[in-house]
There are 2 protein chains.
Amino acid sequence: MPDVNKTVLRLDRFLPYRLSVLANRISRSLADQYQAEFGISRPQWRVLAVLGETDNLSANDLVDRTAMDKVAVSRAVSGLVNKQLINQSDDKKDKRRSRLSLTPKGLQIYAAIVPAALSFQQNLLANLSAEDIHHLDAILEKLGN
Amino acid sequence: MPDVNKTVLRLDRFLPYRLSVLANRISRSLADQYQAEFGISRPQWRVLAVLGETDNLSANDLVDRTAMDKVAVSRAVSGLVNKQLINQSDDKKDKRRSRLSLTPKGLQIYAAIVPAALSFQQNLLANLSAEDIHHLDAILEKLGN
DNA sequence: TGTAAATAGTTTCATATGAAACTAATGTGT
DNA sequence: ACACATTAGTTTCATATGAAACTATTTACA
């Protein structure tokens with residue numbers, strides 16, 4: 001990032017801006033795909049993705065694992081329950097919680113989205129060398145503190 | 001990005017997700033600052049930043065340079081006009097357009113935000129080596145197609 | 001020229017989002 | 001056991017956002 005120390009700021013060289021534009025472009029393009037094919041919103045996709053990895057989580061676990069606030073999780077969950085892609089069962093030990101898991105239908109959609117998502121990612125990474133990919137991984141890790 | 005070829009998808013390793021979470025965290029943190037200090041919204045900041053670089057642009061020029069849609073630009077501009085940070089003068093050649101530029105007050109706020117923004121960016125980059133920064137620049141460029 | 005298509009920018013309207021308030025249940029200290 | 005504080009999750013409400021429709025003007029070209 002040359003130019004960084006100048007007193008002038010070029011927006012198109014400014015890291016927060018560049019990251020934001022790139023991330024939004026990518027996320028939106030991916031979301032358009034699963035939205036069109038499966039009628040799934042972005043928050044709903046995140047919930048599906050996490051429950052596909054690890055079943056039987058509470059809404060709060062999803063908050064931790066999806067980087068969304070509890071309102072967003074609550075809404076995503078209720079949307080997915082409505083679509084019958086996940087189900088809520090009572091937590092015996094804590095009546096405030098419910099345990100969430102994919103229904104067979106949810107699992108089916110999950111199984112259909114994952115390859116599309118991975119191939120989308122492959123497409124992105126196709127522009128990068130193996131070293132680039134490694135660097136990117138490390139840099140994202142560092143920036144994530 | 002190891003794990004990329006597996007059929008399973010770990011959300012926290014998925015590039016669109018990682019980028020989105022990181023970019024949003026960063027943008028939000030920065031926005032909290034100029035929001036608190038200057039009462040400026042994110043779209044408004046982008047408009048100020050561009051007009052600070054290059055004066056006398058049309059709203060459409062701003063669309064190109066801020067990666068925002070014309071509705072967002074229109075609203076940001078009218079907000080900034082209300083705050084008297086920018087002014088609109090008629091374009092003689094085309095009555096549909098207006099030429100936008102910073103007012104003295106706008107320039108003053110711009111001059112106050114820029115160092116804060118640059119130091120924010122410095123803070124981010126402080127976690128990275130010089131090579132990292134160079135790599136990041138190149139990778140963002142490649143991902144931006 | 002006169003008329004259709006294109007462009008600049010605004011407004012409308014429906015949806016997304018998030019902070020704060022709320023409900024219900026659990027945990028804590030006495 | 002009994003308040004008081006905390007936590008899980010939902011609802012409310014005010015604001016942000018964006019697609020589509022709209023207005024005004026300019027461009028293209030018959």
Side-chain angles (χ1 to χ4, degrees), chain A residues 20-21 23-32 34-36 39-47 50-51 56-83 86-101, chain B residues 20-21 23-32 34-36 39-47 50-51 56-83 86-101:
Chain A
S20 172
V21 170
N24 286 333
R25 213 164 45 67
I26 289 174
S27 278
R28 173 157 220 162
S29 157
L30 176 60
D32 286 349
Y34 51 69
Q35 176 66 245
I40 297 295
S41 74
R42 218 150 68 86
Q44 287 172 354
W45 151 245
R46 288 193 181 174
V47 168
V50 169
L51 289 180
N56 222 39
L57 299 174
S58 70
N60 239 287
D61 297 331
L62 291 175
V63 167
D64 295 337
R65 296 174 194 230
T66 60
M68 304 190 297
D69 62 53
K70 61 185 185 171
V71 178
V73 168
S74 174
R75 291 201 262 241
V77 163
S78 88
L80 291 169
V81 169
N82 273 323
K83 292 182 205 286
I86 69 179
N87 60 34
Q88 294 179 299
S89 60
D90 295 343
D91 185 313
K92 303 300 177 190
K93 313 227 167 189
D94 188 339
K95 285 173 195 166
R96 292 169 307 178
R97 285 177 213 252
S98 47
R99 316 250 111 226
L100 304 165
S101 50
Chain B
S20 172
V21 170
N24 286 333
R25 211 162 47 68
I26 289 173
S27 278
R28 172 157 223 160
S29 157
L30 176 60
D32 285 349
Y34 51 70
Q35 175 65 246
I40 297 294
S41 73
R42 219 151 65 86
Q44 287 172 352
W45 151 244
R46 289 192 181 175
V47 167
V50 169
L51 289 179
N56 222 41
L57 299 175
S58 70
N60 239 287
D61 297 331
L62 291 174
V63 166
D64 295 337
R65 295 174 194 231
T66 59
M68 302 191 297
D69 62 51
K70 62 186 184 170
V71 178
V73 168
S74 174
R75 291 200 262 241
V77 163
S78 88
L80 291 169
V81 169
N82 273 324
K83 291 181 205 288
I86 70 180
N87 61 33
Q88 293 179 300
S89 60
D90 295 344
D91 183 313
K92 304 299 178 191
K93 314 228 168 187
D94 188 337
K95 287 173 193 162
R96 292 168 307 179
R97 284 176 215 253
S98 45
R99 316 249 113 229
L100 304 165
S101 49

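Atoms considered below: every heavy atom in the structure, side chains included; atoms not considered: hydrogens, waters and symmetry mates. A, B, ... follow the sequence lines: proteins, then strands. Residue 1 opens every chain.
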Task: Test item: A:Asn87 and A:Ser101 side chains (from C-beta on) under 4.5 Å apart, heavy atoms - done: yes
TODO: Would you kindly give the CZ-to-C1' distance between A:Arg97 and C:dT23, to the nearest whole Å?
DONE: 17 Å
- [ ] Look at the side-chain N and O atoms of B:Asn60 and state whether any lies under 4.0 Å from the OP1 or OP2 oxygen of C:dT7.
- [x] no
Task: Nearest-Å distance for atom pair NZ/P, residues B:Lys95 and D:dT26 - done: 6 Å
TODO: Kindly state which residues belonging to residues 87-94 of chain B come within less than 4.0 angstrom of DNA chain D, counting heavy atoms of the residue only, listed by number.
DONE: B:Lys93, B:Asp94
- [ ] Check every strand shown and say whether A:Ser78 touches a base, only sugar-phosphate, or nothing at a heavy-atom separation below 4.0 Å.
- [x] nothing
TODO: Can you sort out the partners of A:Lys83 under side chain to side chain contact (heavy atoms under 4.5 Å, CB included), two or more places apart, ordered by chain and number?
DONE: A:Ile40, A:Gln44, A:Leu85
Open item on the list: I need a per-nucleotide contact map over nucleotides 15-23 of chain D, read 5' to 3'. Cutoff is protein heavy atoms under 4.0 Å; write B for the base, S for backbone only, - otherwise.
Closed with: --BBBB---
Open item on the list: Evaluate B:Ser29 against B:Asp32 for side-chain hydrogen bond (donor to acceptor under 3.5 Å, both in side chains), listing each step before the verdict.
Closed with: CA-CA 5 Å; B:Ser29 157; B:Asp32 285 349; over 6 Å; no
Task: All salt bridge (Lys or Arg N to Asp or Glu O under 4.0 Å) counterparts of A:Arg99, not counting sequence neighbours - done: A:Asp91
TODO: Could you walk me through whether A:Asn60 and A:Val73 pass the side-chain contact (heavy atoms from CB on, under 4.5 Å) test, one step at a time?
DONE: CA-CA 8 Å; A:Asn60 239 287; A:Val73 168; over 6 Å; no
- [ ] Quick one: list whatever passes side chain to side chain contact (heavy atoms under 4.5 Å, CB included) with A:Arg75, sequence neighbours left out.
- [x] A:Val71
Open item on the list: Less than 4.0 angstrom between a side-chain N/O of B:Ser74 and OP1 or OP2 of C:dG9, yes or no?
Closed with: no
Open item on the list: Would B:Asp61 and B:Ser58 count as a side-chain hydrogen bond (donor to acceptor under 3.5 Å, both in side chains) here? Give the steps.
Closed with: CA-CA 5 Å; B:Asp61 297 331; B:Ser58 70; 3.2 Å; yes
- [ ] Answer with yes or no whether A:Arg96 presents, from its side chain, a donor or acceptor under 3.5 Å of a partner atom in the base of D:dT7.
- [x] yes
Open item on the list: Please enumerate all residues that pass salt bridge (Lys or Arg N to Asp or Glu O under 4.0 Å) together with A:Arg97, with sequence neighbours excluded.
Closed with: A:Asp94
